[in-house]
2 protein chains.
Amino acid sequence: MIHDEHKDIVSHTKEKMPPTDTLFELADFFKVFGDSTRIRIMCALFEQELNVCCIADIVGMEQSTVSHQLRVLRQENLVKVRREGKQSYYSLEDEHIQKIFEMGLEHILE
Amino acid sequence: MIHDEHKDIVSHTKEKMPPTDTLFELADFFKVFGDSTRIRIMCALFEQELNVCCIADIVGMEQSTVSHQLRVLRQENLVKVRREGKQSYYSLEDEHIQKIFEMGLEHILE
DNA sequence: TTATCATATGAATATTTGTTCATATGTTCA
DNA sequence: TGAACATATGAACAAATATTCATATGATAA
């Protein structure tokens, strides 16, 4: 049970927080960064666009695995695709992603 | 199989990428942000330190659930604890966290 | 059209993860 | 010391997730 002297803080905090739906969306967004395969795919795309089999080679996983994960990245608007003949070239959607990536790196390298 | 014209790009990308272990660590770090309960706990702590039962009330989950998740946050150095009598007061470890949080928010609110 | 290559997708499986219940630990106060 | 409270933790369970295999789809060139 909450102590009387804390009741104000609790209700104040509840008011100040973003809407719950927003926080759920935010969690879903970060969930995408929370997998090593996806992180490595995104990292590979920092340099330039790449097609699926190049990505698979770089991260050392099956083409199928990579395709599945690229779909996840697409669904959260983190990458976009460009078709060229038989190949699909993937690239990052925006630079936010690299920024977030770098802030994470900073944190763990402390 | 990788086309000849892509071989250079692939090896160049592999060289430029951070070590695989680092990327695995990074994924583990972001994994912590990828759960709505933990996101809401962190968000509650932006304002001020809070004890466990206040946090449980704010996020509307069991005390036990919150304790388990606070342990996860502690293990990744995202929060710190201060004991005061029977209570444990949790607060954020640094401001990185709020920055990352805000960048994520920016992205999803686009 | 048919063969071949690049990518996407469905189903199955194994693993990870979050939550709960029950209980242990630690702290204060009578 | 013992009762009451706050928090932590172990075990069990349910749900979510990543990967693989097999195969479908889409595109090119012979």
Side-chain angles (χ1 to χ4, degrees), chain A residues 1-7 9-10 23-25 27-42 44-45 49-76 79-91, chain B residues 1-7 9-10 23-24 27-42 45 49-76 79-91:
Chain A
M1 202 39 201
I2 299 200
H3 291 206
D4 281 350
E5 78 247 44
H6 289 142
K7 282 193 173 153
I9 291 177
V10 166
L23 297 178
F24 272 78
E25 273 185 65
D28 284 337
F29 170 71
F30 283 122
K31 211 170 282 181
V32 182
F33 287 77
D35 174 77
S36 55
T37 302
R38 286 192 296 264
I39 275 280
R40 282 181 299 150
I41 291 175
M42 288 189 270
L45 295 175
E49 64 168 16
L50 292 166
N51 67 31
V52 179
C53 80
C54 286
I55 298 175
D57 185 279
I58 290 165
V59 305
M61 312 224 75
E62 304 267 327
Q63 172 267 315
S64 160
T65 306
V66 171
S67 267
H68 278 298
Q69 296 301 0
L70 284 168
R71 186 156 56 91
V72 175
L73 291 168
R74 241 184 300 131
Q75 281 167 344
E76 283 286 337
V79 299
K80 50 180 186 289
V81 213
R82 175 176 77 78
R83 259 272 177 184
E84 185 178 313
K86 293 183 227 168
Q87 280 134 324
S88 298
Y89 286 87
Y90 282 82
S91 56
Chain B
M1 202 40 200
I2 299 201
H3 291 206
D4 281 349
E5 79 248 43
H6 288 143
K7 282 193 172 153
I9 291 177
V10 166
L23 296 177
F24 272 77
D28 283 339
F29 171 71
F30 282 122
K31 209 169 282 180
V32 181
F33 286 78
D35 173 77
S36 56
T37 302
R38 286 191 296 263
I39 276 280
R40 283 181 298 149
I41 290 174
M42 288 189 270
L45 295 176
E49 63 168 17
L50 292 166
N51 66 32
V52 178
C53 81
C54 285
I55 298 174
D57 185 280
I58 290 166
V59 305
M61 312 225 76
E62 302 267 329
Q63 172 267 315
S64 159
T65 307
V66 170
S67 267
H68 278 297
Q69 296 300 2
L70 284 168
R71 186 156 55 92
V72 175
L73 292 168
R74 242 184 298 130
Q75 280 166 346
E76 283 287 337
V79 299
K80 50 180 186 286
V81 213
R82 174 177 78 78
R83 260 273 176 183
E84 184 177 312
K86 292 182 228 169
Q87 280 135 325
S88 299
Y89 285 88
Y90 281 83
S91 56

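Just so it is clear: chains get the letters A, B, ... in the order the sequence lines come, proteins before strands, and each one is counted from 1. The figures here come from the full heavy-atom set of this structure, side chains too, leaving out hydrogens, waters and symmetry mates.
- Toward the 5' end of DNA chain D, the nearer of the two residues A:Val72 and A:Gly85, judged by each one's closest nucleotide, is A:Val72.
- Taking A:Ala56 as the reference, A:Val66 meet the side chain to side chain contact (heavy atoms under 4.5 Å, CB included) condition, with sequence neighbours excluded.
- Dashed line: the shortest gap from a side-chain N or O of B:Thr65 to OP1 or OP2 of C:dT20 is under 4.0 Å.
- Less than 4.0 Å separates DNA chain D from at least one heavy atom of each of the following residues of residues 29-39 of chain A: A:Lys31, A:Asp35, A:Thr37, A:Arg38.
- Take A:Asp35 and apply the side chain to side chain contact (heavy atoms under 4.5 Å, CB included) test, not counting sequence neighbours, and it matches A:Thr37, A:Arg38, A:Gln69.
- Judged as a side chain to side chain contact (heavy atoms under 4.5 Å, CB included), and not counting sequence neighbours, the contacts of A:Ser88 are A:Val52, A:Val81, A:Arg83, A:Tyr90.
- Taking a pair as Watson-Crick or G-U with both hydrogen-bonding distances under 3.5 Å, the stems of three or more pairs touching DNA chain D are C:1-30 with D:1-30.
- Checked against salt bridge (charged side-chain N to carboxylate O under 4.0 Å, His left out), A:Lys7 has the following partners two or more places apart in sequence or in another chain: A:Asp4.
- To the nearest angstrom, P of D:dA14 lies 17 Å from CD of B:Glu62.
- We find that CD1 of B:Ile55 is positioned 14 Å from P of D:dA6, with the value rounded to whole Å.
- One interatomic measurement links the two molecules: CZ of A:Phe24 to C1' of D:dA16, which rounds to 14 Å at whole-angstrom precision.
- Between the CG atom in B:Leu50 and the CD1 atom in A:Ile9 there is a gap of 7.0 Å [rounded to 0.5 Å].
- For B:Phe33, the ring-ring contact (aromatic ring centres under 6.0 Å, His included) partners at least two apart in sequence or on another chain are A:Phe30, B:Phe29.
- Between the CE atom of A:Met61 and the P atom of D:dC21 there is a distance of 11 Å, rounded to whole Å.
- Under the side chain to side chain donor-acceptor pair (under 3.5 Å) criterion, A:Gln63 pairs with A:Ser67, not counting sequence neighbours.
- Per the geometry, CD belonging to B:Glu84 stands 15 Å off C1' belonging to D:dT7, to the nearest Å.
- Atom CD in A:Gln69 sits about 14 Å away from atom C1' in C:dT9, given to the nearest Å.
- When the salt bridge (charged side-chain N to carboxylate O under 4.0 Å, His left out) test is applied to A:Glu49, the partners found at least two apart in sequence or on another chain are A:Arg82.
- Considering CD1 of B:Ile39 and NZ of A:Lys31, their distance stands at 10.0 Å, rounded to 0.5 Å.
- The side chain to side chain contact (heavy atoms under 4.5 Å, CB included) check on A:Glu62 picks up A:Thr65, with sequence neighbours excluded.
- Remark: the B:His68 side chain and the C:dT20 base include a donor-acceptor N/O pair separated by less than 3.5 Å.
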How does protein contact run along nucleotides 2-8 of chain C, one letter per nucleotide 5' to 3', with B for base contact, S for sugar-phosphate only, - for none, heavy atoms under 4.0 Å?
---BSBB

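- Under a 3.5 Å cut-off, the side chain of B:Arg40 and the backbone N or O of B:Val59 do form a donor-acceptor pair.
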